[in-house]
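Just below is one structure, and these are the notes that go with it.
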Amino acid sequence: MALQHARSADVVSVRPLGAALAGATTSAILKAAQLEVIRAVLPAGKELRQHETPGELTIQCLEGEVELHTAAGASLLRAGELVHLQAHASHSLRGLTDASLLLTLCLAPG
C-alpha cells in the first residue's frame, strides 16, 4: 500500500514523538512540485551516510541529538535547532541519541 502524503491545506502534526520514538520509522509527510517534507527518525548510533540533495534543505531537530557533518566540519543539532544547507551540499548525519528530524527539501525543477 502506498503511503498517503498530506494534501494542500491538510494540518499535520510534527510534534515530538516522545515514547513512540523508539518504534517509529522515517516517513514522507508531503511531496509537491517543488517541496518535500520528511520526518526522519535516526536512532542513537545510526548514520545517514554522506549524500547531497539537488535543492536547498533545512534540517530541524524535533527531539534528541544528532551530529551533522558538512564540508565546514561537524555540528551538534539539538531539539529546537535548525540548519540550512545549500543545494548540492554534501552532508551526513549520525544519531547521538534517538532523534527525529523535520527535513524540508526544495526540489530542483526537472
Side-chain angles (χ1 to χ4, degrees):
M1 174 188 293
L3 178 68
Q4 183 130 15
H5 294 112
R7 296 175 303 225
S8 181
D10 283 353
V11 175
V12 178
S13 173
V14 294
R15 289 182 184 96
L17 296 169
L21 178 59
T25 59
T26 295
S27 60
I29 296 172
L30 73 85
K31 187 166 186 177
Q34 296 180 353
L35 179 70
E36 186 170 8
V37 179
I38 299 166
R39 181 193 288 262
V41 174
L42 195 58
K46 296 293 180 179
E47 187 171 351
L48 185 58
R49 293 185 181 165
Q50 188 170 348
H51 64 286
E52 60 183 59
T53 56
E56 293 177 89
L57 165 71
T58 63
I59 304 169
Q60 179 180 355
C61 186
L62 300 173
E63 59 195 316
E65 293 184 345
V66 297
E67 189 174 69
L68 169 68
H69 293 268
T70 67
S75 301
L76 178 63
L77 280 177
R78 294 183 179 109
E81 296 179 335
L82 176 135
V83 64
H84 166 263
L85 297 177
Q86 295 179 339
H88 303 289
S90 184
H91 62 282
S92 65
L93 293 161
R94 184 171 61 89
L96 299 178
T97 65
D98 290 349
S100 71
L101 309 165
L102 187 67
L103 310 177
T104 304
L105 295 88
C106 190
L107 304 175

Do Gln60 and Val14 have side-chain heavy atoms sitting under 4.5 Å apart?
-> no
Given side chain to side chain contact (heavy atoms under 4.5 Å, CB included), test Thr26 with Ile38 step by step and report yes or no.
-> CA-CA 7 Å; Thr26 295; Ile38 299 166; 3.7 Å; yes
Start with the C-alpha distance between Val12 and Leu30, add both sets of side-chain angles, then the distance that settles side chain to side chain contact (heavy atoms under 4.5 Å, CB included), and finish with yes or no.
-> CA-CA 10 Å; Val12 178; Leu30 73 85; over 6 Å; no
Examine His69 together with His91 and report whether their ring centres are nearer than 6.0 Å.
-> no
Counting N and O atoms only, with roles assigned by atom type, does the side chain of Asp98 sit under 3.5 Å from a partner on the main chain of Pro43, one being a donor and the other an acceptor?
-> no
Enter the distance from Thr58:OG1 to Leu102:CG here, rounded to the nearest 0.5 Å.
-> 6.5 Å
Kindly compute the distance separating NE2 (His51) from CG (Leu57), expressed to the nearest 0.5 Å.
-> 7.0 Å
State whether Arg78 and Glu65 are salt-bridged, where the test is any N-O pair (Lys NZ or Arg NE/NH1/NH2 against Asp/Glu carboxylate O) under 4.0 Å.
-> yes
Rounded to the nearest 0.5 Å, what's the gap from CZ on Arg49 to OG on Ser92? Could you check?
-> 11.0 Å
Side-chain heavy-atom pair Leu93, Leu101 within 4.5 angstrom cut-off = yes
Where Pro54 and His88 come nearest, the two heavy atoms and their spacing | O-NE2, 3.5 Å
Is any side-chain heavy atom of Thr25 less than 4.5 Å from a side-chain heavy atom of Val41?
-> no
Does Leu17 offer a backbone N or O that forms a donor-acceptor pair with the side chain of Glu63 under 3.5 Å?
-> yes
Does a side-chain heavy-atom distance below 4.5 Å link Leu85 with Ile59?
-> yes
What's the spacing between Leu107 CG and Glu56 CD if we round to 0.5 Å?
-> 12.0 Å
Which atoms form the tightest heavy-atom contact between Leu62 and Pro16, and what is the distance?
-> O-CG, 3.7 Å
For Ser100 and Leu21 the tightest heavy-atom approach is CB-CD1, 4.0 Å
Give a yes or no on whether Gln86 atom CD has more than 12 heavy-atom contacts from other residues, nucleotides or ligands under 6.0 Å away.
-> no
Are side-chain heavy atoms of Leu76 and Leu96 found at a separation under 4.5 Å?
-> yes
For Leu77 and Cys61, work out which heavy atoms get closest and say how close.
-> O-SG, 3.9 Å
